[in-house]
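Everything below concerns the one structure shown next.
What you see below is based on every heavy atom in this structure, not just the backbone, and it leaves out hydrogens, waters and symmetry mates.
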Amino acid sequence: MNKVLVMGGTEFISKALVVDLIKSGYSVDFVTRGHKKVDFHGFNKHLIADRKDKRALRNIFKDNVYNYIFDVSGYTKEDVENVVESVDQSCLKRYTFISSGAVYLSSETLLIETNDRGFNPNWKDYGYNKKKAEDYLSELYNKTGFPCVIFRPSYVYGEGNNLKRETFLFSRADRSIPIVIPLSGAAFVQFIHIHDVIKVLLATMDDVQVNGEAYNLTHPEEVDWLTLVKTVKQVVNKDFNVKGITKETMDHLNITLGSFFPFRDLTYLLDICKLSESGLPVPSISLEKGLARTYKWYLEQNHLIDTVFKKEYDKVIAASKTIDDE
């Protein structure tokens with residue numbers, strides 16, 4: 001039986017990945033700091049360590065050999081380097097690193113894998129540190145043939161998301177509270193459902209042609225903020241106003257985007273032709289379908305909670321204008 005190591009395992013992508021690997025018949029170990037409860041079964045070992053502590057990693061990996069490693073919790077070059085240098089590589093077939101589309105420089109057009117990467121002021125150190133982690137793996141592949149592949153997802157959403165993004169919108173829509181969007185009128189973005197992410201990751205496990213490659217990962221559908229919120233409205237099936245606020249009004253009232261909206265107001269589009277050309281699964285879950293299954297899950301789990309300060313949000317609503325009938 002192939003042995004798999006997942007860095008992470010109790011949050012969103014890493015948890016969904018561990019659960020699906022178990023269902024697929026793999027022997028799965030996963031590494032966390034042990035701070036969160038494990039509410040699933042069937043894994044081989046839950047290894048507890050701080051991945052920034054190389055000595056601790058070497059200790060937990062001692063006498064363990066893995067065929068596949070999925071690194072979901074790596075955010076810096078040092079995070080990745082610590083794992084690579086601590087694990088026995090003798091039987092390793094693939095090291096899969098979950099990076100981000102935030103590694104690219106700002107662009108208003110579709111980004112392809114060869115576009116320039118670097119410090120993007122919209123994503124700051126998060127994107128730049130992911131970029132340096134990618135560079136480390138690419139250099140290692142070029143020098144030694146280290147079997148690695150990199151994925152750069154767009155906004156990931158779905159059941160179990162620990163980031164308050166879709167739940168931010170669901171919690172308002174479910175209570176018929178107005179949702180306010182920024183009125184820049186220029187931002188287009190893409191999303192990918194968690195099940196599509198996992199499907200692609202598992203499909204690459206025995207595909208040797210992906211070694212040394214980097215892939216954008218998203219559903220190709222492009223949406224603006226009004227389309228996103230109208231889709232939420234259709235899914236939740238509740239009546240509420242969609243309102244908009246200008247940058248000038250926000251500045252005048254000293255209102256930040258994060259006080260009323262869970263996404264950055266910028267175009268964020270990834271081209272996935274390379275994914276398709278390599279014969280990998282193309283994400284197929286539409287935003288409407290994905291949000292519908294996500295909303296159903298959050299209702300069943302009773303996980304819809306308010307995530308903004310009411311006084312601040314009331315201030316935003318009062319300063320915005322209704323736009324959903326325009």
Side-chain angles (χ1 to χ4, degrees), residues 1-9 11 13-18 20-22 24 26-32 43-47 49-54 56-101 103 113 117 129-153 156 197-217 274-275 278-281:
M1 178 184 293
N2 282 309
K3 293 196 65 175
V4 181
L5 172 69
V6 176
M7 298 302 297
E11 291 281 18
I13 298 176
S14 61
K15 179 180 177 181
L17 179 58
V18 169
D20 267 36
L21 285 165
I22 293 169
S24 298
Y26 293 98
S27 174
V28 183
D29 292 357
F30 63 99
V31 179
T32 75
F43 54 89
N44 183 48
K45 295 177 184 176
H46 177 196
L47 304 170
D50 183 344
R51 66 177 297 158
K52 296 186 180 299
D53 184 341
K54 190 178 292 187
L57 288 182
R58 285 175 175 166
N59 184 55
I60 64 170
F61 292 153
K62 184 173 58 179
D63 302 323
N64 289 309
V65 178
Y66 299 102
N67 304 112
Y68 304 95
I69 298 175
F70 289 92
D71 193 345
V72 185
S73 64
Y75 292 94
T76 68
K77 175 197 173 203
E78 290 72 23
D79 287 345
V80 176
E81 189 175 29
N82 283 349
V83 176
V84 171
E85 294 184 355
S86 299
V87 73
D88 184 338
Q89 300 178 21
S90 60
C91 296
L92 186 63
K93 299 178 181 179
R94 179 69 42 68
Y95 189 107
T96 300
F97 178 59
I98 310 304
S99 184
S100 169
V103 300
E113 287 82 357
R117 297 169 302 125
N129 285 331
K130 285 280 193 180
K131 183 259 185 192
K132 290 194 287 187
E134 287 188 9
D135 290 346
Y136 166 75
L137 286 172
S138 295
E139 184 177 353
L140 192 62
Y141 170 76
N142 290 331
K143 286 183 176 180
T144 70
F146 182 73
C148 59
V149 63
I150 295 164
F151 285 98
R152 301 169 182 158
V156 183
V197 173
I198 303 305
K199 178 174 67 175
V200 174
L201 295 183
L202 267 59
T204 66
M205 291 179 72
D206 293 315
D207 189 344
V208 295
Q209 72 171 335
V210 305
N211 280 336
E213 299 291 344
Y215 293 94
N216 291 335
L217 185 56
K274 182 177 178 181
L275 193 76
S278 295
L280 299 176

Got [X] and [Y] here, is their nearest side-chain heavy-atom distance under 4.5 Å?
X: Val72; Y: Met7; value: no
X: Val200; Y: Leu275; value: yes
X: Val87; Y: Ile69; value: yes
X: Ser138; Y: Ile150; value: yes
X: Val4; Y: Asp29; value: no
X: Lys3; Y: Asn64; value: yes
X: Thr96; Y: Cys148; value: no
X: Ile198; Y: Leu21; value: no

Less than 4.0 Å between a side-chain N and a carboxylate O, is that true for [Y] and [X]?
X: Asp206; Y: Arg94; value: no
X: Lys52; Y: Glu78; value: no
X: Asp135; Y: Lys77; value: no

Exercise for review: Using the salt bridge (Lys or Arg N to Asp or Glu O under 4.0 Å) rule, take Arg152 and Glu113 through it: C-alpha gap first, then chi angles, then the decisive distance, then the call.
Suggested key: CA-CA 9 Å; Arg152 301 169 182 158; Glu113 287 82 357; over 6 Å; no
Exercise for review: Decide yes or no on salt bridge (Lys or Arg N to Asp or Glu O under 4.0 Å) for Lys274 and Glu213, but give the supporting numbers first.
Suggested key: CA-CA 10 Å; Lys274 182 177 178 181; Glu213 299 291 344; 2.7 Å; yes
Review point. Once the angle between the rings of Phe30 and Phe43 is folded into 0 to 90°, is it parallel (under 30°), tilted (30 to 60°) or perpendicular (over 60°)?
Key: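 Geometry flag for Phe43 against Phe30: perpendicular rings.
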With rounding to the nearest 0.5 Å, note down the distance linking [atom1] in [X] to [atom2] in [Y].
X: Asp50; Y: Leu57; atom1: CG; atom2: CG; value: 8.0 Å
X: Lys132; Y: Ser99; atom1: NZ; atom2: OG; value: 13.0 Å
X: Ser27; Y: Tyr66; atom1: OG; atom2: OH; value: 8.0 Å
X: Asp207; Y: Lys93; atom1: CG; atom2: NZ; value: 13.0 Å
X: Leu5; Y: Leu47; atom1: CG; atom2: CG; value: 7.0 Å
X: Leu17; Y: Ser24; atom1: CG; atom2: OG; value: 9.5 Å

If you look at every heavy atom in [X] and [Y], which pair is closest and at what distance?
X: Ala49; Y: Ile60; result: CB-CD1, 3.7 Å
X: Gly74; Y: Lys130; result: O-NZ, 2.8 Å
X: Gly8; Y: Ser73; result: N-OG, 3.8 Å

Is there a donor-acceptor pair closer than 3.5 Å between any side-chain N or O of [X] and the backbone N or O of [Y]?
X: Thr204; Y: Leu201; value: yes
X: Thr144; Y: Tyr141; value: no
X: Asp79; Y: Thr76; value: yes

Practice item. Might you work through the salt bridge (Lys or Arg N to Asp or Glu O under 4.0 Å) test for Asp71 and Arg51, ending with a clear yes or no? Key: CA-CA 11 Å; Asp71 193 345; Arg51 66 177 297 158; 2.7 Å; yes
Check your understanding: Are Lys143 and Glu139 close enough, and set up right, to give a salt bridge (Lys or Arg N to Asp or Glu O under 4.0 Å), and what steps lead you there?
Key -> CA-CA 6 Å; Lys143 286 183 176 180; Glu139 184 177 353; 2.9 Å; yes
Point to revise | Working for side chain to side chain contact (heavy atoms under 4.5 Å, CB included), residues Asp88 and Asp63 | key: CA-CA 8 Å; Asp88 184 338; Asp63 302 323; over 6 Å; no
Practice item. Determine, step by step, whether Glu81 and Tyr136 satisfy the side chain to side chain contact (heavy atoms under 4.5 Å, CB included) criterion, reporting the C-alpha distance in whole Å, the side-chain angles of both residues, the deciding distance to 0.1 Å, and the verdict. Key: CA-CA 8 Å; Glu81 189 175 29; Tyr136 166 75; 3.7 Å; yes
Review point. Please, which pairs that meet ring pair (Phe, Tyr, Trp, His ring centres under 6.0 Å) have at least one residue in residues 69-96, sequence neighbours excluded?
Key: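 The answer is Tyr95-Phe146.
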Review point. Would Val80 and Val83 count as a side chain to side chain contact (heavy atoms under 4.5 Å, CB included) if you check the C-alpha gap in whole Å, the side-chain angles of each, and the deciding distance to 0.1 Å?
Key: CA-CA 5 Å; Val80 176; Val83 176; 6.0 Å; no
Exercise for review: Compute the centroid of each ring, for Phe151 and then for Phe97, and state whether the two points are separated by less than 6.0 Å.
Suggested key: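 Ring centres of Phe97 and Phe151 not closer than 6.0 Å.
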Review point. Regarding Tyr215 and Ser278, is there a side-chain donor-to-acceptor distance under 3.5 Å anywhere?
Key: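 Looking only at side-chain atoms, Ser278 and Tyr215 do form a donor-acceptor pair, the distance falling under 3.5 Å.
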Review point. Going through the distances and angles, do Ile13 and Val156 end up as a side chain to side chain contact (heavy atoms under 4.5 Å, CB included)?
Key: CA-CA 9 Å; Ile13 298 176; Val156 183; 4.1 Å; yes
